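Report on the following structure.
Chain naming here is simple, since letters A, B, ... match the order of the sequence lines and numbering starts at 1 in each. Everything numeric here is computed off the predicted structure, so don't read it as measured data.
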Amino acid sequence: MIDLKLLQKDFEGVKKALLRRGVDEKLIEELKIKNEKLKEAKMAYETLQAAQNAMSKEFGIYKREGKDISELKKRVDENKRKIADALEVQRQRQEELEKLAMSIPNLPDPDVPDGEDEEDNVEIKKVLEPREFDFTPKEHWELAEQNRWIDFERGVKIASSRFSVVYDMGARLERALINFMLDYNRKRGFIEVSVPHIVNRRALEGTGQLPKFEEDLYKIENQELFLIPTAEVPLTNLFSDEILQEEMLPLKMTGFTACFRKEAGAAGRDTRGIIRQHQFPKVELVCITKPEESDKVFDEMVETASGILTELGLPHRLVQLCTGDLGFSAAKTVDLEVWLPGQNTYREISSVSNTRDFQARRAKIRYKDGKKNTLVHTLNGSSLAVGRTMVAIMENYQNEDGSITIPKALEPYM
RNA sequence: GGAGGUUUGGCUGAGUUGGUCGAAAGCACCGGUUUUGAAAACCGGCGAGGGUAACACCUCCCAGGGUUCGAAUCCCUGAGCCUCCA
């Protein structure tokens with residue numbers, strides 16, 4: 001959630017930032033008005049409540065002294081009715097404000113480039129040169145089928161479209177990658193955490209997937225529980241509603257989970273292969289930091305994800321997302337895109353975001369900053385999407401006969 | 001699935017004949033005295049959110065309802081944890 005105090009204090013500044021990422025101007029103004037209306041209602045209610053409290057105290061004194069209370073009681077009863085009305089007004093306005101505020105995305109950092117969509121993202125740098133092929137490189141689904149690593153039909157048979165089954169060397173490669181990635185992250189100071197794959201509504205609100213993106217989540221029937229779309233949700237919410245000790249920060253975590261997404265709105269995109277599945281394995285990084293150190297940690301996370309690709313010998317590039325392509329909770333995001341020779345293009349394989357205090361405010365994650373309690377910054381990034389890494393290995397390490405060489409870095413894991 | 005217990009501030013833990021309880025005490029933490037320095041000792045401060053220029057004031061003792069002029073304390077519903085039984 002954005003900072004409503006800041007909105008009140010620097011309306012023009014906040015408006016400008018939100019307009020950059022395409023938020024409707026009317027919504028921003030409405031947010032401000034609703035906030036002011038709530039304040040009014042609160043004041044009215046609190047004044048009445050204060051009177052009530054005072055009278056109640058008096059009441060006790062009267063009784064003790066044996067005075068007549070009938071007159072006082074009349075006043076109190078009357079006030080009580082007013083309070084009930086005032087409270088109802090306040091409740092309504094609170095609800096309205098919250099509904100709106102929860103649907104407003106984060107403010108982009110000032111240095112995020114303006115832009116409409118991914119076309120306007122800015123390449124930061126390329127790492128490793130794509131290999132020259134003396135034959136026409138195949139796409140991963142061809143290689144996967146030829147090597148009998150991935151079975152697309154049977155995944156569909158037992159579940160639905162966008163599910164697949166991985167066999168033999170493919171399955172072993174997947175497992176090797178997960179271990180390799182977790183170990184790599186651990187060596188860089190991220191502690192390994194194993195979390196539930198199902199979370200409640202509160203957690204999803206904390207990280208910003210709800211209330212806005214419910215249609216993309218798998219919900220457990222008749223329960224307020226959902227399959228996680230990313231490990232970011234359980235990892236970040238681990239410390240919701242807590243006041244952390246300063247020494248605990250920065251908290252750097254890594255975890256492996258499956259991720260579940262309905263991919264609503266992605267109909268027709270990436271239908272072949274395993275680029276876009278309803279269930280996919282991913283190793284995630286989540287950091288909780290003091291505000292002043294989040295930029296540094298952000299860079300570490302990008303380097304870590306990039307480092308894994310480099311170790312695996314996979315050419316990739318870093319791309320800074322423009323305002324139009326930023327995720328809902330992110331103030332700043334750098335994507336890692338891996339080179340896919342079969343598709344002859346770079347494809348997203350990791351996304352590292354700094355949400356600043358946006359999630360921390362929703363999830364109430366704070367730390368003791370000397371005397372004060374201050375909202376932390378939360379960051380998340382994949383390191384990496386395992387399925388897409390397999391795709392990249394297949395395509396980059398393919399031989400002319402369709403066989404695939406296992407990257408050196410993975411040899412100890414296979 | 002059944003019976004009982006429990007849920008209080010960063011932690012431990014008092015507080016159930018309803019009022020002066022946002023809550024004793026201890027630990028932790030912060031400031032000071034003392035010390036070459038540290039420890040110990042002593043003095044003072046110290047829950048959270050909102051509100052204010054600062055006060056005042058409002059809300060919060062698992063969550064949600066209710067009774068009452070007034071609830072951490074009474075009633076109902078739900079959740080977590082623990083124990084016993086099936």
Side-chain angles (χ1 to χ4, degrees), chain A residues 1-10 31-102 195-196 198-206 210 219-220 222-226 234 237-251 288 290-291 357-376:
Chain A
M1 196 157 79
I2 65 165
D3 185 353
L4 291 177
K5 271 192 202 159
L6 185 67
L7 177 86
Q8 224 49 64
K9 217 167 53 193
D10 179 19
L31 187 64
K32 180 173 188 246
I33 291 166
K34 288 209 158 123
N35 192 32
E36 279 162 0
K37 286 244 174 199
L38 172 63
K39 264 189 163 179
E40 264 172 43
K42 264 191 162 166
M43 282 228 283
Y45 165 74
E46 284 178 10
T47 308
L48 290 169
Q49 187 63 44
Q52 184 77 1
N53 290 343
M55 284 191 273
S56 286
K57 252 182 200 168
E58 241 180 293
F59 204 101
I61 294 167
Y62 274 38
K63 269 214 142 166
R64 206 174 329 126
E65 294 176 351
K67 286 197 199 162
D68 176 35
I69 53 171
S70 57
E71 193 271 339
L72 180 60
K73 173 120 169 65
K74 211 186 276 173
R75 273 195 293 151
V76 152
D77 285 341
E78 198 184 321
N79 197 50
K80 223 176 146 181
R81 273 197 299 279
K82 284 194 211 159
I83 287 180
D85 293 345
L87 184 61
E88 191 44 42
V89 171
Q90 189 197 303
R91 250 187 214 159
Q92 262 175 33
R93 292 187 183 177
Q94 174 88 41
E95 205 174 297
E96 274 175 44
L97 176 72
E98 241 160 52
K99 205 168 132 203
L100 180 58
M102 289 289 268
V195 290
I198 292 179
V199 294
N200 57 31
R201 181 173 288 276
R202 220 176 121 86
L204 286 154
E205 283 171 349
L210 289 180
K219 185 167 187 289
I220 312 283
N222 297 326
Q223 292 189 50
E224 286 299 284
L225 294 172
F226 302 80
N237 281 287
L238 239 30
F239 299 95
S240 64
D241 241 326
E242 293 194 34
I243 299 171
L244 303 170
Q245 295 300 320
E246 195 170 352
E247 312 82 75
M248 290 171 72
L249 305 177
L251 201 66
I288 295 179
K290 296 191 225 173
D357 61 11
F358 186 82
Q359 293 179 328
R361 182 171 297 105
R362 291 174 157 234
K364 294 204 189 77
I365 312 172
R366 292 155 293 172
Y367 81 102
K368 264 264 181 280
D369 173 15
K371 290 237 154 177
K372 294 194 310 283
N373 296 321
T374 307
L375 292 171
V376 297

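Distance alone, capped at 3.5 Å, is enough to place a donor-acceptor pair between the A:Asn79 side chain and the A:Leu48 backbone. Between the side chain of A:Arg201 and the backbone N or O of A:Glu224 there is no donor-acceptor pair closer than 3.5 Å. Within the 3.5 Å criterion, the main-chain N or O of A:Met102 finds a donor-acceptor partner in the side chain of A:Arg362.
Base pairing of B:C62 is made with B:G78, judged by Watson-Crick or G-U wobble geometry with both donor-acceptor distances under 3.5 Å. In this structure, B:A14 forms no base pair with any nucleotide, since neither Watson-Crick nor G-U wobble geometry is met with both distances under 3.5 Å. Nucleotide B:A38 forms no Watson-Crick or G-U wobble pair with any nucleotide shown, as no partner meets the under 3.5 Å limit on both distances. In this structure, B:G19 forms a base pair with B:C69, meeting either the Watson-Crick or the G-U wobble geometry with both donor-acceptor distances under 3.5 Å. Shown here, B:A3 forms a base pair with B:U83; the pair counts as Watson-Crick or G-U wobble because both key distances fall under 3.5 Å. Across every strand in view, B:A53 sits unpaired, with no contact that passes the Watson-Crick or G-U test at under 3.5 angstrom. Under the Watson-Crick and G-U wobble criteria, each requiring two contacts below 3.5 Å, nucleotide B:C46 is left unpaired.
On the P atoms, B:C43 is 15 Å away from B:A28, given to the nearest whole Å. Using atom C1' as the reference point in both B:A79 and B:A25, the two lie 30 Å apart (nearest Å). Atom P of B:C11 sits at a distance of 15 Å from the matching atom of B:C29, rounded to the whole Å. Taking atom C1' in both B:C58 and B:G44, one finds a spacing of 29 Å when rounded to whole Å. Spacing between B:C75 and B:G5 at atom P, rounded to whole Å, works out to 12 Å. For the P atoms, the distance from B:U8 to B:A14 is 11 Å, rounded to whole Å. Nucleotides B:U67 and B:C55 have their C1' atoms positioned 36 Å apart, rounded to a whole Å. B:G78 and B:C85 are spaced 24 Å apart, taking the C1' atom of each and rounding to whole Å.
Atom-to-atom, CD of A:Gln245 to P of B:G9 comes out at 15 Å; the value is rounded to the nearest Å. Rounded to whole Å, the distance from CD on A:Gln94 to C1' on B:G51 is 14 Å. One can place CD of A:Glu224 at 15 Å from C1' of B:A63, the figure rounded to the nearest angstrom. If you measure from atom CD1 of A:Ile365 to atom P of B:G10, you get 16 Å, rounded to the nearest angstrom. The interatomic distance linking A:Lys39 (NZ) with B:C57 (C1') rounds to 15 Å, in whole Å. Atom C1' of nucleotide B:A28 and atom CD of A:Glu246 are separated by 15 Å, given to the nearest angstrom. Between the CG atom of A:Asn373 and the P atom of B:C60 there is a distance of 20 Å, given to the nearest Å. One can place NZ of A:Lys42 at 14 Å from C1' of B:U52, the figure rounded to the nearest angstrom.
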Margin query: side-chain contact (heavy atoms from CB on, under 4.5 Å), that's the test. Do A:Phe226 and A:Ile198 meet it? Break it down for me.
Written below: CA-CA 5 Å; A:Phe226 302 80; A:Ile198 292 179; over 6 Å; no

Item checked: Verdict with reasoning, A:Lys99 to A:Glu95, per salt bridge (Lys or Arg N to Asp or Glu O under 4.0 Å) -> CA-CA 6 Å; A:Lys99 205 168 132 203; A:Glu95 205 174 297; over 6 Å; no

Next item on the list: Take A:Gln94 and A:Glu98, measure what side chain to side chain donor-acceptor pair (under 3.5 Å) needs, and give me the verdict at the end.
Entry: CA-CA 6 Å; A:Gln94 174 88 41; A:Glu98 241 160 52; 3.0 Å; yes

Check: Where do A:Arg81 and A:Asp85 land on the salt bridge (Lys or Arg N to Asp or Glu O under 4.0 Å) test, with the steps shown first?
Finding: CA-CA 7 Å; A:Arg81 273 197 299 279; A:Asp85 293 345; over 6 Å; no

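Contact annotation: A:Arg366 side-chain N/O to B:G10 OP1/OP2 distance is not under 4.0 Å. A:Lys368 has a side-chain polar atom (N or O) that falls below the 4.0 Å cut-off from OP1 or OP2 of B:A48.
Listed by chain and number, the residues in a salt bridge (charged side-chain N to carboxylate O under 4.0 Å, His left out) with A:Glu242 amount to none (sequence neighbours excluded).
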Next item on the list: Any chance you could list the contact pattern along nucleotides 66-71 of chain B? Use B for base contacts, S for sugar-phosphate-only contacts and - for none, protein heavy atoms under 4.0 Å, 5' to 3'.
Entry: ---BS-

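Mapping A:Ile243 and A:Asn53 onto RNA chain B via the closest heavy atom, the residue that lands nearer the 5' end is A:Ile243.
Taking 4.0 Å as the cut-off between side-chain N and carboxylate O, A:Lys74 and A:Glu78 do not count as a salt-bridged pair.
Among the heavy atoms of the strands, none lies under 4.0 Å from A:Lys74.
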